[in-house]
Amino acid sequence: MKQVYFYDKETKMFNGYDVIEDTAEIPANATTVEPVDSNGVGLYDPIWNESTHSWDSLTEDEWKQKHAAPEVKPEPTQEEQAAAQQMLLMADLQNKVDTLTDTVDEMTKSNQQINATLAQIMLQNATNAENGGK
């Protein structure tokens, strides 16, 4: 009994193996050459190379890139969407509060300056009234 390794007739890609009688003829799309490297380690997507009568292989990195699973981006739940919307609203409200606080602070400073100027004018008027009255 011997093992034979099949490959696709057109793509030459490895297509499984089977055991046949020692006297049986090897099928046209098969070989007794095992698809392993020199250390006996299986190959990555082996392809039969008819000119060299050996298996060609991808590198591990090439195989990983070829068979990489697409990144799955989970859809947010309705609760997550609502929470995100609330966070946006809160950020907007905080921005408005900060703007209003800045405006009130500026108006308070301006009002204090006006009061100080008014106090100086009143003091000057009072001083002028005293001096003018003598």
Side-chain angles (χ1 to χ4, degrees):
M1 302 293 271
K2 61 183 167 185
Q3 274 192 327
V4 291
Y5 303 92
F6 293 92
Y7 52 88
D8 183 273
K9 290 178 183 178
E10 293 180 23
T11 66
K12 308 298 183 204
M13 291 187 71
F14 177 72
N15 201 16
Y17 68 94
D18 200 358
V19 178
I20 61 173
E21 294 290 331
D22 286 335
T23 56
E25 186 176 329
I26 297 174
N29 65 324
T31 178
T32 57
V33 178
E34 190 175 4
V36 296
D37 66 13
S38 59
N39 297 320
V41 177
L43 303 176
Y44 292 97
D45 286 348
I47 296 178
W48 181 247
N49 185 329
E50 289 181 334
S51 61
T52 62
H53 292 284
S54 64
W55 293 98
D56 293 335
S57 174
L58 298 176
T59 66
E60 182 179 1
D61 288 339
E62 290 169 335
W63 185 89
K64 284 179 180 179
Q65 185 175 10
K66 179 179 176 182
H67 295 282
E71 183 179 337
V72 177
K73 295 181 179 177
E75 289 291 321
T77 64
Q78 285 184 342
E79 292 81 13
E80 290 171 330
Q81 289 177 356
Q85 190 64 32
Q86 286 178 339
M87 289 171 60
L88 287 173
L89 288 172
M90 290 295 292
D92 184 53
L93 287 172
Q94 185 61 52
N95 189 34
K96 288 177 180 175
V97 166
D98 292 345
T99 300
L100 286 172
T101 300
D102 290 345
T103 301
V104 168
D105 288 347
E106 287 176 24
M107 293 177 82
T108 300
K109 287 178 187 175
S110 178
N111 194 30
Q112 288 172 346
Q113 288 174 346
I114 290 170
N115 286 340
T117 302
L118 184 58
Q120 284 178 345
I121 291 171
M122 290 173 69
L123 181 60
Q124 186 66 41
N125 284 343
T127 304
N128 287 343
E130 283 180 18
N131 290 338
K134 291 186 180 181

Write down the atom of Glu21, the atom of Lys2, and the distance for their closest heavy-atom approach. O-CE, 3.8 Å

Atom CG of Asn15 and atom OH of Tyr5: how far apart are they, to the nearest 0.5 Å? 14.5 Å

To the nearest 0.5 Å, what is the distance between CD (Gln120) and OG1 (Thr127)? 11.0 Å

Does atom NZ of Lys64 have more than 12 heavy-atom neighbours from other groups under 6.0 Å away? no

Report yes if some heavy atom in the side chain of Asp61 is under 4.5 Å from a heavy atom in the side chain of Gln65; otherwise report no. no

Check: His53 and Trp48 side chains under 4.5 Å, non-hydrogen atoms: yes

As an exercise, state the distance from CZ of Phe14 to CD1 of Ile47, rounded to the nearest 0.5 Å. 12.5 Å

Using a 6.0 Å cut-off, check whether atom CE of Met122 has over 12 heavy atoms from anything other than its own residue. no

From Leu118 atom CG to Leu123 atom CG, the distance as rounded to the nearest 0.5 Å: 11.5 Å

Can you tell me how far the CD atom of Gln86 sits from the CD atom of Gln81, to the nearest 0.5 Å? 12.5 Å

Beyond-backbone contact of Asp37 with Leu43, side-chain heavy atoms, under 4.5 angstrom: yes

Identify the heavy atoms of Trp55 and Pro46 that sit nearest to each other, and give their distance. CE3-CB, 3.7 Å

Do the side chain of Ser110 and the main chain of Glu106 share a donor and acceptor less than 3.5 angstrom apart? no

Going by side-chain heavy atoms closer than 4.5 Å, which hydrophobic residues are tied to Phe6, directly or by a chain of links? Val4, Ile20, Ile26

Does Tyr7 belong to the same Ile/Leu/Val/Met/Phe/Trp/Tyr cluster as Val33, with side-chain heavy atoms less than 4.5 Å apart forming each link? yes

Which one of Thr108, Thr101, Asp102 satisfies the side-chain contact (heavy atoms from CB on, under 4.5 Å) criterion with Val104? Thr108

Can you measure from OG1 (Thr59) to NZ (Lys66) and round to the nearest 0.5 angstrom? 11.5 Å

Under 30°, 30 to 60°, or over 60°: which ring-plane class applies to Trp63 and Tyr44, parallel, tilted or perpendicular? tilted

From CA spacing to verdict: salt bridge (charged side-chain N to carboxylate O under 4.0 Å, His left out), Lys109, Asp105: CA-CA 6 Å; Lys109 287 178 187 175; Asp105 288 347; over 6 Å; no

Take Gln124 and Asn128, measure what side-chain hydrogen bond (donor to acceptor under 3.5 Å, both in side chains) needs, and give me the verdict at the end. CA-CA 6 Å; Gln124 186 66 41; Asn128 287 343; 3.1 Å; yes

